[in-house]
Amino acid sequence: FAQKDVFQLKDLEKIAPKEKGITSMSVKEILQSLVDDGMVDTDRIGTSNYFWAFPSKALHARKRKLEELETQFAESSQKKEALQKSIEKSKIGREDTVERAALLKELAALRQKKEQLKTEIDKYRECDPDVVEEMRQTNQVAKEAANRWTDNIFSIKSWAKRKFGFEESRIDKGFGIPEDLDYID
């Protein structure tokens, strides 16, 4: 800012230790972090990199940030006012009166009764015809699946007997098939 000039890295590595007391080894790292933060501008012209930072740019950046923050503040203030008005509107008709208190008690009692009735319905859910029918259908599907797998096991045993000449008891023992395996009726 002080010199209001454009520099190359080698110029900054000479100037920084003399004027600011920064070691020449860390100038490049510090300069890169300033560039990353947007506090110093850089551009490549030909084979050289040039660095600069003018006070006017910093001033404009601060002004833009201030304007953004003021805009956000104004929006937040409007939102707060709208919410305050909404709260005031919602309070209308909700003043604490004896009638309102009685209605709130009645509402709480009805909600509690509703929960009790729900738990009672859940107790008798097993007797619900829809639930019983659903259980029957589930059982039928499971029974068909078990019979299908039993049929598959018998088919594989038959194939193994024909193909390899094994005895049925030896196949059952080798694969852990129970002797009383049969279809479900």
Side-chain angles (χ1 to χ4, degrees), residues 1-126 128-135 137-138 141-142 145 149:
F1 287 150
Q3 294 183 4
K4 298 177 185 168
D5 201 1
V6 177
F7 301 95
Q8 287 185 325
L9 180 61
K10 63 182 177 180
D11 298 334
L12 290 172
E13 286 176 340
K14 291 176 187 173
I15 296 170
K18 293 177 188 172
E19 293 186 13
K20 302 298 177 185
I22 300 171
T23 61
S24 60
M25 301 297 251
S26 62
V27 169
K28 187 173 184 177
E29 293 172 19
I30 293 171
L31 187 60
Q32 187 59 46
S33 70
L34 289 172
V35 168
D36 292 342
D37 292 342
M39 297 174 75
V40 173
D41 293 319
T42 183
D43 202 2
R44 184 174 188 87
I45 300 174
T47 59
S48 303
N49 286 328
Y50 291 94
F51 301 93
W52 68 92
F54 299 122
S56 61
K57 181 184 179 206
L59 178 67
H60 289 300
R62 281 189 230 115
K63 280 184 179 178
R64 272 196 312 274
K65 185 68 174 172
L66 180 63
E67 289 171 0
E68 284 178 26
L69 292 173
E70 286 174 347
T71 304
Q72 288 177 356
F73 179 73
E75 289 173 0
S76 298
S77 296
Q78 289 176 349
K79 196 173 190 179
K80 180 184 173 193
E81 288 177 26
L83 290 172
Q84 289 290 351
K85 288 178 183 176
S86 174
I87 289 172
E88 293 301 320
K89 271 186 179 179
S90 64
K91 283 184 178 180
I92 295 173
R94 292 187 179 191
E95 295 83 18
D96 288 333
T97 61
V98 177
E99 182 184 351
R100 179 172 166 74
L103 288 173
L104 287 174
K105 280 184 181 178
E106 184 180 345
L107 178 64
L110 289 173
R111 284 185 177 159
Q112 186 177 6
K113 187 172 183 176
K114 178 183 172 187
E115 290 301 317
Q116 288 174 349
L117 291 173
K118 273 188 175 181
T119 56
E120 192 172 330
I121 286 174
D122 287 342
K123 280 188 215 174
Y124 298 116
R125 184 173 177 93
E126 295 169 359
D128 185 8
D130 295 336
V131 174
V132 171
E133 184 59 32
E134 186 179 328
M135 288 171 65
Q137 289 176 354
T138 305
V141 169
W149 280 103

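Position 1 is the first residue of the sequence, and the numbers go up from there.
Atom CG in Leu83 sits 12.0 Å away from atom CD in Gln78 (nearest 0.5 Å). Going from atom CD of Glu120 over to atom CD of Gln116 covers 9.0 Å, rounded to the nearest 0.5 Å. The line from CD of Glu99 to CG of Leu104 is 10.5 Å long, rounded to the nearest 0.5 Å. Interatomic distance, CG of Asp122 versus NZ of Lys118, reported as 8.5 Å (0.5 Å rounding). Between atom OG1 of residue Thr119 and atom NZ of residue Lys123 there is a gap of 6.0 Å, rounded to the nearest 0.5 Å.
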Evaluation steps, side-chain contact (heavy atoms from CB on, under 4.5 Å), between Thr71 and Glu75: CA-CA 6 Å; Thr71 304; Glu75 289 173 0; 3.8 Å; yes
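Shown here is Glu106, whose CD atom has no more than 12 heavy atoms of other residues, nucleotides or ligands within 6.0 Å.
By the 4.5 Å heavy-atom criterion applied to side chains, His60 and Arg64 are counted as neighbours. In this structure, Gln72 and Leu69 have side chains that are in contact, with non-hydrogen atoms separated by less than 4.5 Å. The side-chain heavy atoms of Glu115 and Arg111, taken from C-beta on, include no pair separated by under 4.5 Å.
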